Amino acid sequence: MKHFLNLESLSPEELNGILEEALILKKTKASSNDLEGKFLALIFEKASTRTRVSFEVAMNQLGGQCSFFAPADLQLGRGEPIEDTARVIGSMVDGVVLRTLSHKTITTFSEKSSVPVINGLSDLSHPCQLLADLMTFIEVKGDISGANVTWVGDYNNMCLSYIEASKIFKFNLEVVCPKNYWPSNDQINDLKIVFTEDIKSSISNSDLVSTDVWVSMGDEKEQSKRIADFQKFQVSPELMNTAKEQAIFLHCLPAIRGQEISNDMLEDSRSKVWIQAENRLHAQKSLLKFLI
Ligand code: CP
Ligand code: NVA
């Protein structure tokens, strides 16, 4: 039994297998009975469109079932410990997707869970999104190993999953954001990732530019400061013109036009965000088949 708490929860071979299967599932558009009789619980402490809908549709297309729970619906909301919740739910269902404010909630849950636990986004990481991002790059451009990837945004959950992915899939990653959003020098040395404020120079060499909202869920208190600090870090078609000719643009969505992207960025020909969003479904069908 395996959990998917971060990309590193699975081996590179397992991750590559999941991505290969995801591309096949997308091509064949097949519904199946692979998860017939299986039940998935979704417990989300934060809002979601893509993650929730893609897991619900994935279970349906695989012949299984699922239910969605907000903490207020569960005794969790009245203080029942996460450990007890994990033991009880794990004794009834075949898999759990958690979206939590704190990553610790997911690790604590997984330690007591007798069924696979999937991280559907925490403050630390967003590995399901990276499956879709990697799948999209492979689908549109081919092998990602050796590619140059620019992450424009703070050192957030998506950034951490990009850092993990860069090590597993062996691509070159640069993180571009204002210096006061970088981790400490010690952390940067440990991560062995280039952090820079020079967006133009980083993008000039890029095969993939990926960005995210300036204010993640949970960071709302810093909203006005962040919007001011990130003004020079908007991705636009003009900026993409300075990247490599075949470069593509990804965004996990939701996006705020006029902040991290210009109004016209999502509809630019280099933007593959709609393919990327759809790929959440195919990648997670493959993940569920593998884990459950
Ligand atoms: N990208 C992503 O996880 O979207 P949602 O927050 O809508 O699930
Ligand atoms: N970094 C964003 C990702 C949303 C999918 C957030 O955590 O809000």
Side-chain angles (χ1 to χ4, degrees), residues 4-7 22 40-59 66 68-71 96-106 118-137 150-165 173 175-178 181-183 208-223 225-227 229-230 233-235 249-257 259-261 265-266 271-285 287-288:
F4 187 58
L5 307 189
N6 282 306
L7 289 172
L40 184 73
L42 303 167
I43 305 175
F44 281 31
E45 294 179 346
K46 298 180 188 178
S48 169
T49 297
R50 280 141 289 268
T51 308
R52 174 179 178 174
V53 176
S54 54
F55 271 113
E56 291 192 3
V57 174
M59 278 310 275
C66 66
F68 178 86
F69 306 95
V96 182
V97 184
L98 287 173
R99 171 169 284 206
T100 60
L101 296 162
S102 161
H103 191 75
K104 181 84 178 60
T105 307
I106 300 184
I118 297 170
N119 173 2
L121 182 144
S122 70
D123 57 337
L124 183 78
S125 56
H126 197 6
C128 289
Q129 182 66 52
L130 258 288
L131 290 181
D133 289 27
L134 292 161
M135 178 181 170
T136 306
F137 190 95
T150 301
W151 170 258
V152 186
D154 65 326
Y155 178 53
N156 68 3
N157 42 14
M158 280 295 300
C159 181
L160 191 108
S161 289
Y162 261 96
I163 290 173
E164 271 192 303
L173 177 69
V175 175
V176 181
C177 67
Y181 293 86
W182 297 5
L208 163 62
V209 178
S210 186
T211 192
D212 189 5
V213 287
W214 292 338
V215 186
S216 284
M217 291 181 278
D219 291 333
E220 290 81 1
K221 273 191 289 210
E222 297 171 18
Q223 181 153 346
K225 177 169 170 22
R226 281 172 172 264
I227 291 171
D229 289 348
F230 276 85
F233 296 85
Q234 184 184 81
V235 182
F249 170 77
L250 296 179
H251 189 314
C252 60
L253 305 178
I256 305 186
R257 293 168 176 83
Q259 289 191 18
E260 77 277 4
I261 49 160
M265 189 61 239
L266 294 188
S271 160
K272 306 298 172 196
V273 298
W274 310 117
I275 299 173
Q276 176 190 12
E278 182 193 324
N279 283 346
R280 294 294 305 274
L281 171 64
H282 308 297
Q284 285 157 205
K285 276 172 83 175
L287 176 70
L288 289 168

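A quick note: this is a predicted structure, and the numbers were derived from the prediction, not measured. When a ligand or atom number is given, it counts from 1 through the structure's own listing order. Throughout, residue positions are numbered sequentially from 1 according to the sequence presented.
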What are the atoms of ligand 2, with element, lying closer than 4.0 Å to any heavy atom of Asn156?
1 (N)
NZ or CZ of Arg52 within 45° of Phe68 ring axis and under 6.0 Å
yes
Would you please determine whether Val215 falls within less than 4.0 Å of ligand 2 on a heavy-atom basis?
no
Per-atom contacts of ligand 2 with Leu253, taking only distances under 4.0 Å to non-hydrogen atoms
5 (C)
Roughly how far, to the nearest 0.5 Å, is OG1 of Thr150 from CG of Leu208?
8.0 Å
Euclidean distance, Tyr162 OH relative to Leu134 CG, rounded to 0.5 Å:
7.0 Å
Does ligand 1 come near enough to Leu121 that some N or O of the ligand is less than 3.5 Å from an N or O of the residue?
no
Return the residue, atom name and 0.1 Å-rounded distance of the protein heavy atom closest to atom 2 (C) of ligand 1.
Arg280 NH1, 3.3 Å
Arg99, portion touching ligand 1 at heavy-atom distance under 4.0 Å
side chain
Please examine the side chains of Tyr181 and Asn156, heavy atoms only from C-beta on, and report whether any two atoms are closer than 4.5 Å.
no
Any N or O of Ser216 that comes nearer than 3.5 Å to an N or O of ligand 2?
yes
From atom 3 (O) of ligand 1, work out which of Lys46, Arg50, His126, Met217 has a heavy atom at the shortest distance.
His126
Met217 neighbourhood, listing ligand 2 atoms whose heavy-atom distance to it stays under 4.0 Å:
6 (C), 7 (O), 8 (O)
Do Arg280 and Thr51 have side chains that approach each other closer than 4.5 Å (heavy atoms only, starting at C-beta)?
yes
Counting each atom of ligand 1 from 1 as listed, which ones have a heavy atom of Cys252 under 4.0 Å away?
1 (N)
Do Ser122 and Lys104 make a side-chain contact, defined as non-hydrogen atoms from C-beta onward lying under 4.5 Å apart?
no
Taking distance alone, with no angle check, do Asn157 and ligand 2 share an N/O pair under 3.5 Å?
yes
Minimum heavy-atom separation for Leu5 to Pro127, with atom names?
O-CG, 3.7 Å
Within the 3.5 Å criterion, strictly below it, is a donor on Glu260 or Thr211 matched to an acceptor on the partner's side chain?
no
Atom indices of ligand 2, in the order listed, that fall short of 4.0 Å to a heavy atom of Leu121:
3 (C), 4 (C), 5 (C), 7 (O)
Side-chain touch Gln129/Leu121, heavy atoms, less than 4.5 angstrom:
no
So, regarding Asp212 and ligand 2 (criterion: nitrogen or oxygen to nitrogen or oxygen, under 3.5 Å), is there a contact or not?
yes
Heavy-atom nearest neighbour in the protein, as seen from atom 7 (O) of ligand 1, with distance rounded to 0.1 Å
Thr49 N, 2.7 Å
